[in-house]
There are 2 protein chains.
Amino acid sequence: MSQHGRLRGPGGEALLFLTDEQLKKGIEAMFFAYRGFTADPDRILENYAYGRAHHRALHFIHRSPGTTVNNLLSILGVTKQSLNRVLRTLIEDGLVESRVGRRDKRERHLHLTPKGVALEKDLSEAQRNRMRAAFRSAGPEAVSGFRQVLEAMMDAEMRRQYNSLKDAGS
Amino acid sequence: MSQHGRLRGPGGEALLFLTDEQLKKGIEAMFFAYRGFTADPDRILENYAYGRAHHRALHFIHRSPGTTVNNLLSILGVTKQSLNRVLRTLIEDGLVESRVGRRDKRERHLHLTPKGVALEKDLSEAQRNRMRAAFRSAGPEAVSGFRQVLEAMMDAEMRRQYNSLKDAGS
DNA sequence: ATTTTATGTCAGCCTTGTTGACTTTCCAAG
DNA sequence: CTTGGAAAGTCAACAAGGCTGACATAAAAT
């Protein structure tokens, strides 16, 4: 049985019967799944003086090496003071390198050091393992639907940033 | 083009080619989508002295009226001290009622007052609107895949709790 | 009668978010 | 060349919401 009734609207478009119960299950799925999503990296981070904020910084610096602080700021959606605190400890601890921009010397371009790469790899491997297992168990069509729904759930600005990250899978 | 190659393994099971890039996009989709997921309720909560923690409590009390503190604790995955702080303000403000158990007088059974129901409705409607729009734009097959992947991403214990919440959509 | 369970509470700590104020550096326009 | 403004960094203070540990009370279970 499908969970969704289907109808044709006046314009011929597909309509869905979405009960509040179905929407609630979607909401709760997001809640519980996000917990699982962060659980493995969180466990690793307990062994360091780092938290989720550090993980996010490492992830996006690794993803876009040489990104500026301002760019990272808009991706992470926090204040520069918040990010700076995290960044400072990562730089002090030798996980992140901050290089003064060549063209614009006000800008700082961020790179992971080998030590930073190592921790990022540890964290992201744990997270990818879970994601991989989930993708495998759900199957390719489910994965496609998963990404479609998540993308539609983002704010326009986030979707823009999400899409601007390179995607070797397309 | 499908993002996923397919093969048959030795046992005939479907295999997926999942590149690290595809997994990263999944990880980033979760990150950005969760921001969208919480954005609307967060905006509403700014007008109150409440935060996301209060929203979660209201949600699950509304979902399972009469639930005990212990049960809520295990659903939310926080300490009783954390939950108590939230619960105390909600009770003081007259959004939640705590009734001593009839069979077991040690237990407190939690219910929303009309005032609590009103705020919960406000918050959940905002969240459901976004979820509904995302479900509509992605289509029924995508919604099914979305839930399959999220469910597979949960820890076993969370999945148990997720499934034990009633689902009128099945 | 004793132990265990469910709940509540106090105190203190940490991470990670916030705002506001201020400085330094440096590009670019007048 | 000077000045305005953008980019970045820093300091201080604060809040939400996690955490631990210790302790209290009532009631159920043994």
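Just so it is clear, the values below take in all heavy atoms, side chains as well, and ignore hydrogens, waters and symmetry mates. Predicted, not measured: the structure shown is a model, and the values here were computed from it. Below, chains carry the letters A, B, ... as their sequence lines are ordered, and counting in each starts from 1.
Proximity note for B/Val69 (side chain, C-beta onward) versus D/dA6, C/dG8, D/dA8: the nearest is C/dG8. Comparing C/dA21, D/dG21, D/dA7 against the side chain of A/Glu107 picks out D/dA7 as the nearest. The side chain of B/Arg106 sits closest to D/dA27 out of C/dG8, D/dA27, D/dG18.
Look at B/Thr79 and you'll find a side-chain N or O under 4.0 angstrom from OP1 or OP2 of D/dC19. The side chain of A/Ser82 contributes an N or O atom lying less than 4.0 Å from OP1 or OP2 of C/dT18. Here A/Arg88 does not reach the OP1 or OP2 of D/dA8: none of its side-chain N or O atoms lies under 4.0 Å away. Side-chain nitrogen and oxygen atoms of A/Asn70 include none within less than 4.0 Å of the OP1 or OP2 phosphate oxygen of D/dA6. Side-chain N/O atoms of A/His54 include none lying less than 4.0 angstrom from OP1 or OP2 on C/dT15.
No engagement by B/His109 is indicated, since no non-hydrogen atom pair under 4.0 Å with the nucleic acid exists. B/Arg85 comes within contact range of at least one nucleobase, with a heavy-atom separation under 4.0 Å.
Side-chain atoms of B/Ser64 do not come within 3.5 Å of backbone N or O of B/Thr67 as any donor-acceptor pair. Judged purely by atom type and a 3.5 angstrom limit, B/Ser144 has no side-chain atom pairing as donor or acceptor with the backbone of B/Pro140. With hydrogens and angles disregarded, a donor-acceptor distance shorter than 3.5 Å links the side chain of B/Lys25 to the backbone of A/Tyr162.
Mapping A/Leu87 and B/Arg56 onto DNA chain D via the closest heavy atom, the residue that lands nearer the 5' end is A/Leu87. Annotation: of the two residues near DNA chain D, A/Gln81 and B/Ala49, the 5′-most nearest-nucleotide partner is A/Gln81. Both A/Arg52 and A/Arg103 lie close to DNA chain C; mapped to their nearest nucleotides by heavy-atom distance, the more 5′-ward contact belongs to A/Arg52.
Ion pairing of B/Glu157 with B/Arg160 is present here, as a side-chain N (NZ or NE/NH1/NH2) and a carboxylate O approach within less than 4.0 Å.
For the residue pair B/Asp93/B/Tyr50, the side-chain donor-acceptor check at 3.5 Å is satisfied.
The interatomic distance linking A/Asn84 (CG) with C/dG17 (C1') rounds to 14 Å, in whole Å. Atom C1' of nucleotide C/dG17 and atom CZ of B/Arg35 are separated by 13 Å, given to the nearest angstrom. Counting to the nearest Å, the P atom of D/dA15 and the OH atom of B/Tyr48 are 22 Å from each other. Rounding to whole angstrom units, OH of residue B/Tyr50 and C1' of C/dG17 are separated by 21 Å. For B/Arg102 and D/dA28, the CZ to C1' distance is 17 Å, given to the nearest whole Å. In this structure, CG of B/Asp42 is placed 13 Å from C1' of D/dG17, rounded to the nearest angstrom. As a whole-Å value, the separation of A/Leu72 CG from D/dG9 P is 11 Å. Spacing between atom CG of B/Asp104 and atom P of D/dA27 amounts to 10 Å, rounded to whole angstrom units.
Looking at A/Lys105, its side chain has no donor and acceptor atom pair within 3.5 Å of the base of C/dT25.
A perpendicular orientation is assigned to the rings of A/Phe135 and A/Phe146, their planes being inclined by more than 60° (bins at 30° and 60°).
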